[in-house]
Amino acid sequence: MVALDTRLAPVIGDKSAKLLESALGLRTVGELLWHAPRRYATRGERTDLTALDDGAFVTVMAEVQQVTTRTMRTRRGTILDVVVGDGRASLHLTFFNQQWRERLFQPGRKGLFGGRVSTFNGRRQLTHPECVLLPEGGDAVDAEAVEAFAHELIPIYPATAKLPTWRIAKTIRYVLDLLDHVDDLVPDEVRAEHSLPTMDAALRLLHVPATPADARAAAQRLAWEEAFLLLAVMRSRREHLAAEAARPCIPAGGLGARFDASLPFALTDGQREIGDRIAADLAGPRPMHRLLQGEVGSGKTLVALRAMLAAVDAGAQCALLAPTEVLAQQHLLTMRALLGPLGRRSELDGDPEGTDVVLLTGSVGAAQRRDVLARIADGSAGIVIGTHALLEDRVRFADLALVVVDEQHRFGVEQRATIRAKAPDGTVPHMLVMTATPIPRTAAITVFGDLEVSTLRELPAGRAPITTHAVAAAERPRHAARMWERVREEVTAGHQAYVVCPRIEAAAGDDADAPAAAEQTATALRDGELAGLRVGLVHGRMPADAKAETMRAFAAGRLDVLVATTVIEVGIDVPNASTMIVLDADHFGISQLHQLRGRIGRGGVPGLCLLHTRQPSGSPASERLARVADTTDGFALAQLDLEQRGEGDVLGTLQSGGRTSLRLLSVLRDQQVIEQAALAVDAIFTVDPTLNAHPALAQAIAVREFELQDEYLDTA
Ligand code: ADP
Ligand code: MG
């Protein structure tokens with residue numbers, strides 16, 4: 001008998017096991033049984049032969065129509081040509097020197113044919129396909145293979161040329177016969193509530209369903225299992241984190257109140273509420289783990305700064321980790337500007353009650369670095385802003401209590417561990433993660449399930465609306481020319497503009513369709529459409545100090561127009577910038593465009609964003625741009641992004657909390673499953689946080705954590 005964690009080789013033989021591993025990455029009985037059918041064919045089913053894609057590996061059910069054998073002209077040998085069809089379309093099966101097969105293909109006989117689709121002389125064909133002819137007339141070709149078709153529903157598995165679906169089916173049936181009873185992780189009452197079959201039944205029904213409803217219930221149960229285990233893993237991490245100690249930050253003076261009073265605006269309700277939650281978290285003895293998400297420009301930075309001041313007021317230090325040098329620089333400027341005298345205690349005009357804000361990045365010079373490191377070490381720098389440079393060994397904090405991470409998805413698990421280790425012995429820092437990429441809720445709980453989520457939903461008052469238009473340059477060249485006139489008008493009115501390009505520089509072999517490059521665009525604009533304006537250039541391949549200098553010049557109004565790549569995507573804050581032109585905008589993702597346009601409309605000046613494209617109107621690309629133009633709700637756009645790009649792409653860019661482990665669960669399709677599983681997990685942990693009464697679940701979580709660790713090491 002075998003269990004889910006039994007290795008395949010001893011069960012099915014080395015040769016088959018090797019094939020399953022190399023073709024599909026399946027190594028254990030459990031992995032094999034989780035290899036779910038893509039769909040189920042019925043015996044009478046006719047595959048739509050008109051819908052076969054060239055190059056695709058397909059399995060079709062069709063009827064033999066015509067069989068001919070001819071000799072090859074240029075070489076010795078024969079070609080067996082079998083036409084199979086479904087009444088509407090036909091497909092050729094081509095065999096070289098296999099005349100003996102001819103007798104197997106009697107016209108009228110049905111079979112399953114699997115192979116890679118190609119086109120030859122304008123005809124669609126499968127060359128040397130795998131064939132299983134159904135037993136009509138009783139002369140089975142392969143008795144074992146045909147046995148797989150004794151049932152009503154025939155599972156069609158994701159397969160490869162070397163490993164056709166019926167071979168997978170045969171192996172799975174063999175293994176299912178040997179499988180010991182599989183225990184359930186999901187408690188009986190939860191299964192009852194949601195009418196879920198037992199795991200043992202589900203695994204069998206998935207592969208050998210009697211009815212389509214069986215198959216659906218089985219797939220649902222497996223998705224549930226995944227959601228349940230993943231959320232339980234996240235929840236148990238939270239329980240572990242909650243058992244750690246953090247330095248309680250109880251503000252001693254009135255730093256926060258003085259800062260609030262110094263602001264030229266009132267906090268939004270969301271900023272105040274989330275601020276209160278954070279203050280309460282920070283005052284406690286357990287580490288905070290909070291994700292702060294919100295629309296671009298919703299005022300997250302301010303929330304983070306108020307949190308940092310609370311820590312500083314308690315005599316502790318904070319670190320703000322930014323993903324790039326440009327962003328770290330920008331944060332420094334923003335924080336200093338917002339803090340005023342409170343942010344420069346050791347300077348002449350500084351406030352002695354305040355603190356010092358320092359910057360540490362890779363490009364900080366040696367002398368300054370020594371000074372900064374010393375001030376981090378002696379605690380006089382209360383707010384330390386930096387990039388990965390902050391993670392280095394020689395960075396020693398006197399009393400690190402709070403870490404703010406900007407754009408979590410560019411920080412890995414390991415970096416998180418490194419920064420945690422910089423808090424005083426016996427404690428871990430409070431963590432606040434800011435993300436401007438709105439994440440649909442179900443994705444958030446699977447990816448960031450170990451964090452509590454706070455969302456800023458409203459934009460601060462005084463934020464002017466942004467109008468977005470798609471500009472179809474190919475069809476309306478006049479509109480394209482008008483874009484640049486609009487830029488001139490804005491500059492004349494005293495505002496500034498961004499021009500965003502998909503690439504840094506043009507390549508030698510570029511044709512006319514190649515996407516706009518920042519370097520060439522800047523030059524062309526200076527000499528052409530925007531002659532006379534002060535046009536700057538910034539992109540990721542420039543040296544850090546040159547980048548920073550250009551950004552400073554733009555922020556200070558010494559440049560009218562900034563031609564840039566997506567380096568300006570997050571965090572850059574120049575309130576006077578009113579206009580953004582995105583060239584070849586179809587090269588950007590939906591969320592990315594939304595992110596980009598958040599750079600404008602920040603200073604009470606209405607923003608104008610023009611999404612230029614050379615794609616024809618009506619094309620999917622230009623439809624996408626139209627949606628971005630029509631919608632300002634970042635969450636709706638994130639959902640759309642998820643639907644269009646597929647979750648692998650979207651989630652792949654987010655820090656993984658076990659994403660690679662998602663097999664059948666789809667954060668898109670299975671939103672309801674995830675929500676239900678989240679409630680079930682919550683109920684269990686609320687009553688039994690240490691899982692004493694749920695040993696099987698505790699064990700499964702431990703195994704999963706171990707596997708995730710492994711996956712992480714594999715990909716690091
Ligand atoms: P985010 O980090 O969420 O993109 P920011 O914190 O950078 O947003 O805020 C965007 C702009 O709005 C900044 O110029 C900031 O000073 C300003 N701002 C923040 N909170 C408020 C508020 N409550 N009222 C008015 N302006 C605000
Ligand atoms: Mg910000």
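Remember, it's 1-based here, ligands and their atoms both numbered in the order they're listed.
- Arg235 has a carboxylate O that lies under 4.0 Å from a charged side-chain N of Asp682, or vice versa, which qualifies the two as a salt bridge.
- Ligand 1 lies less than 4.0 angstrom from a heavy atom belonging to Ser298.
- Ligand-side atoms of ligand 1 in range of Leu267: 23 (N), range being under 4.0 angstrom from any heavy atom.
- Considering backbone and side-chain N/O atoms, Ala266 comes within less than 3.5 Å of an N/O atom of ligand 1.
- The proximity of Thr268 to ligand 1, defined as any non-hydrogen pair under 4.0 Å, involves the side chain as well as the backbone.
- Ligand 1 places these atoms under 4.0 Å from at least one heavy atom of Leu302: 6 (O), 20 (N).
- Contacts between Gln271 and ligand 1, counted as non-hydrogen atom pairs separated by less than 4.0 Å, involve the side chain only.
- Below 3.5 Å of separation, one finds an N or O of Gly299 facing an N or O of ligand 1.
- Put simply, CG on Leu291 and OG1 on Thr455 are 7.5 Å apart, with the number rounded to the nearest 0.5 Å.
- Ion pairing of Glu452 with Arg277 is present here, as a side-chain N (NZ or NE/NH1/NH2) and a carboxylate O approach within less than 4.0 Å.
- Between the side chain of Glu519 and the backbone N or O of Ile504 there is no donor-acceptor pair closer than 3.5 Å.
- How far CD of Gln330 is from CG of Asp406: 10.5 Å, rounded to the nearest 0.5 Å.
- When the options Arg420, Arg286, Arg237 are evaluated for a salt bridge (Lys or Arg N to Asp or Glu O under 4.0 Å) with Glu244, the one that passes is Arg420.
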